[in-house]
Amino acid sequence: MGYERVQVNTDGPVTTVVLREPSKRNALTPALIDDLLAAIDALASDEQVRAVVIWGAGGVFSSGGDLDHLSEMTGWDAVSIASWSRRFYEGVLRLRTLAAPTIAAINGYAVGAGLGLALACDLRIAGEDARLGAPFLSLGLYPGMGLSYLLTQAVGPARALELLITRQMLDAVTAERLGLVNRVVSADRVLEEAQHLARVVAAGPPVPLRRLKRGIYDATRMDLPAVLDYEIDAQVACYHSADLREALAAVRARRSPEFQGR
């Protein structure tokens with residue numbers, strides 16, 4: 001897959017999407033957004049992809065919205081602003097609905113919409129140099145990119161409101177303590193660790209994994225009986241899969257299973 005501002009590297013079942021707008025610290029410019037949305041659409045239609053890593057080149061994950069573009073948008077009419085924003089936000093948040101689990105490898109800044117991109121991923125590995133924040137209010141702008149939802153899901157209403165109101169920038173250790181990132185590693189190992197985790201994920205059985213991602217997110221808005229119904233339906237599909245039979249045979253033979261996703 002060839003794009004100008006996004007590089008897509010595939011290594012077996014793991015795909016790494018690299019943001020490449022270094023002159024703007026990977027700010028989400030319209031051109032970068034177009035390439036990123038196209039890459040996400042391609043990943044959504046590729047059943048061979050079992051794990052995805054999102055990473056920012058040049059030592060920065062993403063510095064958020066492009067200030068030049070934001071200034072331009074102040075002259076747009078309301079319909080144009082809403083239409084562009086919806087395409088941008090909903091396109092990136094498709095990461096949540098990808099069958100493959102996604103991992104944000106956060107090096108340097110993940111700010112504003114850049115933080116939203118990281119939180120749209122299922123898991124987050126941060127370098128010790130990472131700084132995370134959502135200073136939308138500093139620009140006189142209401143938070144976007146689903147952050148009022150994503151932050152609340154990650155840290156709860158009080159913490160989410162505090163982070164958004166105070167425009168606070170968090171270091172990596174604090175972000176881990178609050179639950180914004182899963183793990184903190186040395187800055188030079190962020191991508192390596194994220195790709196290692198992706199390979200661990202990709203080695204798992206695709207049939208239950210695809211359902212697990214959806215089930216975890218749905219469980220936040222379902223009651224226990226509904227969750228049990230979903231679990232039973234998902235297990236029925238697994239009992240009818242070749243992968244479960246392969247896993248049982250592997251246990252008996254004391255070997256590692258080879259999952260085929262069927």
Please report the C-alpha distance between M145 and F88 in whole Å, then the side-chain angles of each, then the deciding distance to 0.1 Å, and finally whether the side chain to side chain contact (heavy atoms under 4.5 Å, CB included) criterion is met. CA-CA 8 Å; M145 194 77 158; F88 169 28; 4.0 Å; yes
Evaluation steps, salt bridge (charged side-chain N to carboxylate O under 4.0 Å, His left out), between D41 and R94: CA-CA 8 Å; D41 284 343; R94 282 196 69 194; 2.3 Å; yes
Can you check side chain to side chain contact (heavy atoms under 4.5 Å, CB included) on R131 and D171, steps first, answer last? CA-CA 5 Å; R131 296 294 182 271; D171 60 53; 3.7 Å; yes
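Atom CD of E47 is surrounded by 12 or fewer heavy atoms from other residues, nucleotides or ligands within 6.0 Å. Other residues, nucleotides and ligands place more than 12 heavy atoms under 6.0 Å from the CD atom of E72. More than 12 heavy atoms of other residues, nucleotides or ligands sit less than 6.0 Å from atom CZ of F259. Within a 6.0 Å radius of CG in D218, other residues, nucleotides and ligands contribute more than 12 heavy atoms. For R86, the CZ atom is loosely surrounded, since the number of other residues' heavy atoms within 6.0 Å does not exceed 12. By the 6.0 Å contact criterion, CZ on R96 is enclosed, its count of non-hydrogen atoms from other residues, nucleotides or ligands being greater than 12.
Counting only heavy atoms from C-beta outward, the side chains of L95 and L43 never approach each other to under 4.5 Å. Between L139 and L67 the shortest side-chain heavy-atom distance falls below 4.5 Å. In this structure, the side chains of L119 and Y149 stay at 4.5 Å or more apart for every pair of heavy atoms. Side-chain contact between V6 and V18 is absent, with no heavy atoms from C-beta onward closer than 4.5 Å. In this structure, V251 and L248 have side chains that are not in contact, with every pair of non-hydrogen atoms separated by 4.5 Å or more. Side-chain contact between S85 and M73 is present, with at least one heavy-atom pair separated by less than 4.5 Å. Looking at heavy atoms from C-beta onward, P101 lies out of side-chain contact with V52 at the 4.5 angstrom threshold. A 4.5 Å side-chain heavy-atom check between D34 and R87 finds at least one atom pair inside the cut-off.
Under the 4.5 Å side-chain heavy-atom criterion for Ile, Leu, Val, Met, Phe, Trp and Tyr, I103 and V60 are members of distinct hydrophobic clusters. Tracing side-chain contacts under 4.5 Å through hydrophobic residues (I, L, V, M, F, W, Y), one reaches V155 starting from L115; they form part of the same cluster. The hydrophobic clustering, which links ILVMFWY residues whose side-chain heavy atoms are closer than 4.5 Å, places F61 and L150 together. Note on V92 and V8: same hydrophobic cluster, where clusters join Ile, Leu, Val, Met, Phe, Trp and Tyr whose side-chain heavy atoms are under 4.5 Å apart, directly or indirectly. Side-chain heavy atoms closer than 4.5 Å link hydrophobic residues (I, L, V, M, F, W, Y) into clusters, and following such links, even through other members, never connects M169 to L141.
Atom OH of Y142 and atom CG of L164 lie 8.0 Å apart (nearest 0.5 Å). Atom CG of residue D129 and atom OH of residue Y109 lie 9.5 Å apart, to the nearest 0.5 angstrom. Distance CD/E21 to CZ/R5: 5.0 Å, rounded to 0.5 Å. The CD1 atom of I106 sits 13.0 Å away from the CG atom of L191 when rounded to the nearest 0.5 Å.
Annotation for A105 and V53: closest pair CB-CG1, 4.1 Å, computed over non-hydrogen atoms. The shortest non-hydrogen separation linking A202 to P13 is CB-CG, 3.7 Å. Closest of all the heavy-atom pairs between A250 and S256 is CB-C, 4.1 Å. The minimum heavy-atom distance between R50 and V201, with the atom names listed, is O-CG1, 4.1 Å. For V111 against P135, the heavy-atom pair with the smallest separation is CG1-CD, 3.5 Å. Counting all heavy atoms, side chain and backbone alike, R255 lies closest to E258 at NH1-N, 4.5 Å.
Of the N and O atoms on the side chains of S71 and D68, not one donor lies less than 3.5 Å from an acceptor on the other residue. Between the side chains of D188 and S186, at least one donor N or O lies within less than 3.5 Å of an accepting N or O. Using modelled atom types and a 3.5 Å distance limit, the side chains of D122 and Y217 yield a donor-acceptor pair.
Note that R167 lies outside the cation-pi zone of F136, set by a 6.0 Å cut-off to the ring centre and a 45° limit from the axis.
No side-chain donor-acceptor contact under 3.5 Å links E246 to the backbone of P257. With hydrogens and angles ignored, the 3.5 Å screen pairs a side-chain donor or acceptor of D77 with a backbone N or O of S80. Judged purely by atom type and a 3.5 angstrom limit, R25 has no side-chain atom pairing as donor or acceptor with the backbone of G58. A donor-acceptor pair under 3.5 Å is formed between the side chain of K213 and the backbone N or O of A100. Under the 3.5 Å distance criterion, the side-chain polar atoms of T166 are matched with a main-chain donor or acceptor of E162. Under the 3.5 Å distance criterion, the side-chain polar atoms of N182 are left unmatched by any main-chain donor or acceptor of I125. Counting only distance, with no hydrogens or angles, the side chain of K24 and the backbone of S63 share no donor-acceptor pair below 3.5 Å. A donor-acceptor pair under 3.5 Å links the side-chain atoms of S45 to the main chain of A42, judged by distance alone. In terms of modelled atom types and a separation under 3.5 Å, the side chain of D35 and the main chain of E4 share a donor-acceptor contact. T174 contributes no side-chain N or O that, together with a main-chain N or O of L170, makes up a donor-acceptor pair within less than 3.5 Å.
Exactly one residue among E193, E176, E128 makes a salt bridge (Lys or Arg N to Asp or Glu O under 4.0 Å) with R183. That residue is E193. With T15 as the partner, the side-chain contact (heavy atoms from CB on, under 4.5 Å) test is satisfied by one option alone out of V49, I54, T102: V49. Considering T16, N107, N26 in turn, N107 is the only one that fulfils the side-chain hydrogen bond (donor to acceptor under 3.5 Å, both in side chains) rule with W55. No option in L28, L32, T29, I33 other than T29 meets the side-chain contact (heavy atoms from CB on, under 4.5 Å) test with D66.
Ring geometry for H69 versus W76: interplanar angle over 60°, hence perpendicular rather than tilted (30 to 60°).
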Can you give the donor-acceptor pairs under 3.5 Å from side chains of residues 226-240 to other protein atoms, not counting sequence neighbours?
residue : atom : partner : partner atom : Å
Y230    : OH   : R211    : O            : 2.7

